[in-house]
Structures are given as C-alpha cells and as structure tokens.
Amino acid sequence: MDNKVCFDKMWSFLDNGLQNKNKQSKVIYHWFKLLLISCVFGVMSINSYAGEDHKRGIEGQVTYANKQPVGYATVFIRELNKSVLTNEEGRFYLTGLPYGTYEVEINSLEIQPIKQTVVFSSTSKNLIITATAAKGVNLEEMVIDVQTDKKRIESSGFAVNVINTKDVALQSIQTNELLDRTAGVKIRQDGGLGSRVNYNLNGLSGRAIKIFIDGIPSSNYGSSFSLNSISPSAIERIEVYKGVVPTYLSDDALGGAINIVLKQKQTNTLNVSGGYGSFGTHQYNVNGSYRADNGFTFSGTGFFNYSKNNYRVNGPQIRFVDGSTGAISYPENGAKRFHDAYQSQGGKFDIGFTDVKWADKFLIGGVVSSREKQIQHGSTMQKVYGDRLTKQHSFIGSLQYLKKDLLIEGLDVRLDATYSNLTRQIVDTVGMMYDWSGKPMRDKQGNIIYYNNGAEASADKSLQKYIDKTTALRANIAYEFLPNHTISANYFYTFFLRDSSDELQPKQLQQLVNTRDLNKSILSFNYENALFDNRLRMNIFYKKYYQKAISKEPYQLSGPGKVAYAVRQLDNVVDHNGYGASFSYKVWDKLYLLGSAEKAIRMPSEGELFGNNADNVLSAFNLKPEESTNFNIGFQAGPFEFKHHRIGLNATYFKRDTKGMIREAIDQRGNFTRHENLEKVLSTGVDVELNYSFKDKLFLTASVSKFNVLFNTPFDAEGVPYHYYKLQIRNEPSLKMNANLSYQFKDIIQKGSRLRLYYNVYYVEEFLKDWSNVGGTNLATIPTQYPNDMGLSYQFPSKKTTMSFDAKNILNQDIYDNFGLQKPGRAFYIKVTHSFFN
C-alpha cells in the first residue's frame, strides 16, 4: 500500500470519528490522530534515507589506568575535521562517518596527547583508550571550564536551577526531598510516604507548577508513578524553572515547571538499590539500559515502595473519645497513625532505536503501575478514619521521535505521544467510628458505633470507580535559518475523558451517563537568537491557549413521594493569548545577567474542575483561569577559583501579579477541600543560592527564599478590617532557608574507597494556617520549624557498591504542613546500591 492510500484511509477514519462523538470513538479518534502524525514523521524520515545503512559511528571511553574517567577531553578526526568532547564519564560518540582508516587524536590539559589509528569498516566501532596524566599537572588542583548542560541551561535567560543527582543518588533520599533543598522550592506534603504532594515555587503552588518527566507531563503517568517513585539514581538532572518556562515544555505552567530528565546513557548499565527504614518503610529500585551496535536500544526501570507510616502525632486534634460517656481525653505522648499504609509498584520501559540514520531517537514505551493507600483522615486531622482506602492501576503507552537536521541542516523535529488509562477506586463501606486510639468506638453496651450513612467520609457507602483516559501529543519543530537564529513551533494537545460509576448506587442512577471530558491545546511560537559573539541570548515567544471542559452529571430530581434522576451538562471554556521574552547577557566569563517577563495563563486542570475523592478534593466546575504577569531578573556569578577554593553565587528577584489565583480551601467539616479563585494576589521576593567547595572535599550549599504572597485588592469580610486586604494568603510560608554541608574522605578503610558525610538544616518561618480569628489575636498559625538531617555514604573501591545511612529530623521536631497536617518525626534509613557494570 503506497503512502497516499495509507493516508487517505486514515483520514477517512478520522472523519468518521469526528461525526461519531460517543466516548469510545473520541478516545480512538484522538489516539489514531497521534498515530497519523507519527506516521507522517516516520515516513518522511525513512523515505528520505531509504536504502542507506544505519548511521555509522565510533564510540568509546577515555580513562586512566585506574579506570577513572577523563572528562571533557577533545576527540578529533583530522581527516574529516570532526570533533566531540567526552562527557563526565569519559565517553564519546562520533557519528555519521564513512568507512575508512582514521587517526583519532585525543587532547586535554589533564593528559598527555594521544594518537590512535582506527580502521572503521562496520556500522559501529567501540574504543577503550587509556590515558596518562600530563606531566607537572596536579589533577586535584586543575579546573577545566566547559559549557556543561547545567551551565548552558542556567545561562539561557530563564530563572532556572539545575540539580545534578550524581552524589545524592547514593543516599536514602527521595527526589522530592532533593527538590526541597533548592532555592525557591517548597514541597508541600500531607504526611509520610505516598501522601499527596504539592509543589510551591516562589509562592505559587498546586497545578500552577507543572511537573514533567523527560518533557512529558507527569500527570499522564498517574500518581503511582510519581517523582518519589523515580530513584535519584535513574535521574540525569532536574531542571527547576521559576516563573517563565521555555516553550518546548508546551504547557500552561504559570508559576514554573520542574522537568525530570532521566538518564539517557546509550551503554549497557544495570543498577539495583534497596532500602529499609523507620515506620516499616521498604524501597527497592532497578534500572538499566542496553544499546546494540546497530542502534537498537532498550531501557527500563522498576520500583516497589511500602510503608506503614505509623509515626507518632500529637496536638489538640489527637484525642480519645469514650463512646459511652462522650468524655474526651488527650494522650500525653500523642498517638500512632494506624491506618495510613501505602504500597506502590510498577515499571517503565522504552524500546527502539537511537543514533541511527533516520532518527536520533525512536522509542516506543510503556508504564504499568499500581498503588493502594489507606486514608487516615481528611484534609485536617479532626476526624480519623479506620477503614477508608483508595486503589489505583495505571497503563500508559508512549512514543518518542527525535531527529536533528531532518531533510535539511538545522531543521530539528521532536514528537511525543502518550495514551494513559488510569483506574482509581474509593472504598468506603464499613462506617465504623474511630478515635486516635486505633480502636472502634463503643457505646455503653459495648457495641461498635457506626455512622448513620454507613460510610466514614462519603455521603453514602461507596465503591466509586473513576476511569481516566488521557491522550496527549507534543510536537516541536525548530529551524536554525541563520547561524544562532532559530525559530520554532510547539503544539501541545490533551484529551481527557473520565467515566464514573459506583455499583452501590441505585440502578437507575448507574444507567445514566456520568462522564467528564476536557480538551486542551496550546500552540506556541518562539524566536531565539545569540548576538554580539554569543554574549547576548534572547527568546521571544507567543502562546495561544484553548480549553473546553464538559461535565455530564446525574442528579436526583426533587419532588414529593417520587424518586427520579436526570443528567445535567455543564460547560467551561477558556480561550486566551500569552506572550513573553527572556534574555541572558554574559558580562564576562564568570558573570551572567538574566531576565524574563511573561503574560501567562493557567487553565484549571481536570483534578480541580472534576475533583478527586482519593485525595479528598471536591469538584469546582465553575473555576476561571488564572492570569498573571511575571517578571524575573537576576544574575549568576562564578564559579570563582582561588587556590583550593571554589565559590559561586546566584540570585533572582521575582514579581507575580496574579488575577484569579486558584487555591485550595477547606470545607466546613474539615474533611474535604475544594478549589476556588482568589481575587488579585501579588507575589514578590528574592532567591539567593551560594555554592562553595574546598579541595573537592568540603562542599557547602546554602539558599534563602524570602517572598510575600499578599492580597492585592480590598475585600469586605465580616469582622475583618479594611487594611487586612494586604494580608499574606493562608497556608503559604514566606521565608525558607536551607543549608547542606558535606565532606568527602578518600581511601578510608580501603584504598580507592570514598566516604561522604553530610548534614542538612531546613528552616521554615511561621505562617498563617487559615482565616480563624483574622483581625484579632491568637491567629491560627503553623509554627516555625527547622528539621535537621544527617547521614553518610560509603563507596567501595570497585565503585560498584555503595552503602548509606540517613537520619531524618534527628531532633524529633513536630513538623507540620498543609493546613496543619503533621509529618513524620525522627527516622532512620539504610540503603545499598550496586551497579553490575562500571
């Protein structure tokens, strides 16, 4: 079948899909639309290179005799005038080479020059090259200044931090803990492992902050494959954009974005890790990759997490109730959580080809994951549950295609497509009353007391099941039409469909349509240039936002002596424009000035519009979009080196003028939350981060984030004086500091080993919990807190095995977060990591 016939048949199918708008055809229609676009890209690439061999190339690694890598050395083939730098592990890849005999030259300030003759006569050649240190050079004192990925991204003009995970990957630390140490980032978590997590950047939080995994929205993967399910050992780097976000991420990120970049090694790797710790916590992870000479590539990761989360909590909300008398008592030492266990497991894989003639990357992947979470309480700790729980299963398929210099030099194309099917169920069918003793309450006769509706949190007994189906596409085309001048177009599309059912509901109600669907598209255009000998870099962009949400909800008709049901349909449409620009200017090699500005739009998400009972969130279908004008200006200085010292300093001032900010609010019973639009809110503040090292042994990172998130419009609330409109919004800290100190010893116990000790202090200033008694005394606040962590890791001489020990919150402070929910106290963890390949 030729290409024209193939496309004609597909378009005919799509036309039928447009005319047949039932919920099954909607999903099929959008999925085949993605496949069609993929087919177009694939056929263009394959046809343009039909009949040719795979991309030929030479790859290898440069190391010393003791197997230590030689990073950032130049690998040069004089006959072809072609060169490349080795990476941090000493590896290099030279592709697109004709067969022949070449002299490969390797040069670096660290090593004596190397020349090696290579006969290249197959699709791939693998070289292992041993280098000798340059004479008179002290490697411990020498610093090579290169444009690493971290440096390149941080000097691009955006307010961005790049976190490398190389050292912390060996510790018993979760990805969210690592993010929490970053300037301007605050991780908001409802409790222990598996509890709901929100991300705060410079005072903006919730879905205003978008989370990506390799540029794909993490919401596509489901909550069981969350950031904490990804071991830091599987992560190459973490990019934290505060405020303005580059267009290639192509989403409505109003407050910023966090992009997790997984390791993209094209070599054979296999790493396993296992950890155990307090509160019955187990965490196991395996990740690996394989690449054959013909470009065939496979990578995968698997995980298992479990925790009882039975840590001790205390305070006025922790009480015992005598069901027979109603007497209330408060335990002196608090109580243990007894219904908060969490378990998740899953795996992610990608299979395809990399660095071949027709594609730099062509991968088909999948994610399978599941989780089960007991629910201890609602949005506050006032009411305790003993039987309510939630279950989830996720199945995701993905396609990635990347090709640089497609058809013509300078034309780069990237396509990402995913389809996910998430099934989530709430189980609330017992309805026994509990207090914090962990036992059911009993009346005077010793009988267990039940809620009248037979459920702990739901209006009635519930086995409610949500099936969320999401189809997402991101396409990016960039063309460098002149040296250092690039234009690009990005398109991001999402179709979300939710079916809801509950077998315990009346049969009449079950037979009615009960769906929620959401279409979202973002089209953006970007122009990037580099001027004045690459000293000035600028990005100018425009975005077009569109979203339509439809909710078809069954409800009971009112009427005396009659039970009848009907379906109502609600629509929510958003249509907006956005634009902005960013710049960076290199004053000199060690000093960059950075700035960005944007008119941003953030459309309400499916979770905010439709709710999520698993997280105690009610629907809020009438939400309006957030609109914000964002400004960032700052600098990056260093790193400066003098003798054995190395120091760098980054600082950013930001301003966010937001209208209609979407925030969570607690309902009157304190069991659920619902999102609402606030009026005008002004956020201003500054982030400062200092990095210092001495002799590559002592390392210090310190950061301060000071900001205010204030109401910017007078409001008239009963009992609230007019001037309180400048009040800090509730449930939002305004001062955060973090300091991490580590010291590295070499050749401890065994020659070639490495011992690393660290100490971390985290500080959050007191902030307003809710509106209780606003305008008077005794405001409801969350107290100042400063948890301390410490730990060590020991790497054996083989470099394959590492053991670590971590102590969290060693002072056993009472740590609180969202609306006063208490987090774990003192805890201890051990972890073993092993790599089967060097």
Are N529 and N484 side-chain neighbours, meaning at least one heavy-atom pair lies under 4.5 Å? no
Neighbour count >12 (heavy atoms, 6.0 Å) for atom NZ, K655: no
Would you call E626 and R656 a salt bridge, taking side-chain N to carboxylate O under 4.0 Å as the test? no
Please assess M603 against I522 for the test side-chain contact (heavy atoms from CB on, under 4.5 Å), listing each intermediate value before the final yes or no. CA-CA 11 Å; M603 298 176 284; I522 301 171; 4.2 Å; yes
N-O pairing of K548 and D575 below 4.0 Å: no
Please check if any side-chain donor atom of D657 sits under 3.5 Å from a side-chain acceptor atom of T629, or the reverse. no
Would you call the rings of Y401 and F362 parallel, tilted or perpendicular if under 30° counts as parallel and over 60° as perpendicular? perpendicular
Is there a side chain to side chain donor-acceptor pair (under 3.5 Å) between Y546 and N519? Walk through the geometry before answering. CA-CA 8 Å; Y546 179 80; N519 281 274; over 6 Å; no
Excluding sequence neighbours, so at least two apart, what forms side-chain contact (heavy atoms from CB on, under 4.5 Å) with L411? I408, I477, Y479
V70 backbone acceptor or donor facing T86 side chain under 3.5 Å: yes
K348 backbone acceptor or donor facing T301 side chain under 3.5 Å: no
Tell me, do F654 and K242 make a side-chain contact under 4.5 Å, heavy atoms counted? no
Heavy-atom distance under 4.5 Å between the side chains of F353 and F296, does that happen here? yes
Would you call R537 and E528 a salt bridge, using N to O less than 4.0 angstrom? yes
Taking R535 for the side chain and Y585 for the main chain, is one N or O donor matched with an acceptor at less than 3.5 Å? no
Looking at N539, T652, N632, which hits side chain to side chain donor-acceptor pair (under 3.5 Å) with S596? N632
Is there side-chain contact between L531 and H485, with at least one heavy-atom pair below 4.5 Å? yes
Donor-acceptor pair, K469 side chain versus F496 backbone, under 3.5 Å? no
Strictly distance-based, threshold 3.5 Å: is any side-chain N or O of D360 a donor or acceptor partner for the main-chain N or O of D355? no
Determine whether a donor-acceptor pair (N or O, by modelled atom type, separation under 3.5 Å) exists between the side chain of Q636 and the backbone of L594. no
side-chain contact (heavy atoms from CB on, under 4.5 Å) partner of K210, the single match among N259, D252, L249: D252
In Å, rounded to the nearest 0.5 Å, how long is the span from OG1 of T175 to CD1 of I211? 11.5 Å
Over 12 non-hydrogen atoms of neighbours within 6.0 angstrom of OH in Y653: yes
Tell me whether D412 is salt-bridged to R414, with the criterion being a basic N under 4.0 Å from an acidic carboxylate O. no
Looking only at side-chain N and O atoms, does T658 offer a donor or acceptor that is under 3.5 Å from a partner on S628? yes
Got Q547 and L518 here, is their nearest side-chain heavy-atom distance under 4.5 Å? yes
Donor-acceptor contact below 3.5 Å, side chain D214 vs main chain L262: yes
From CA spacing to verdict: side-chain contact (heavy atoms from CB on, under 4.5 Å), T74, L85: CA-CA 5 Å; T74 301; L85 284 177; 3.7 Å; yes
In terms of relative ring orientation, are F349 and F298 parallel, tilted or perpendicular, with 30° and 60° separating the classes? parallel
For the residue pair K599 and N577, confirm or rule out a side-chain donor-acceptor distance under 3.5 Å. no
Is the number of heavy atoms from other residues, nucleotides or ligands within 6.0 Å of CZ (F481) greater than 12? yes
Quick one: CD1 on I238 to CD1 on I260, what's the gap to the nearest 0.5 Å? 4.0 Å
Do T470 and T418 have side-chain heavy atoms sitting under 4.5 Å apart? no
In this structure, are over 12 heavy atoms from other groups packed under 6.0 Å from K659 atom NZ? no
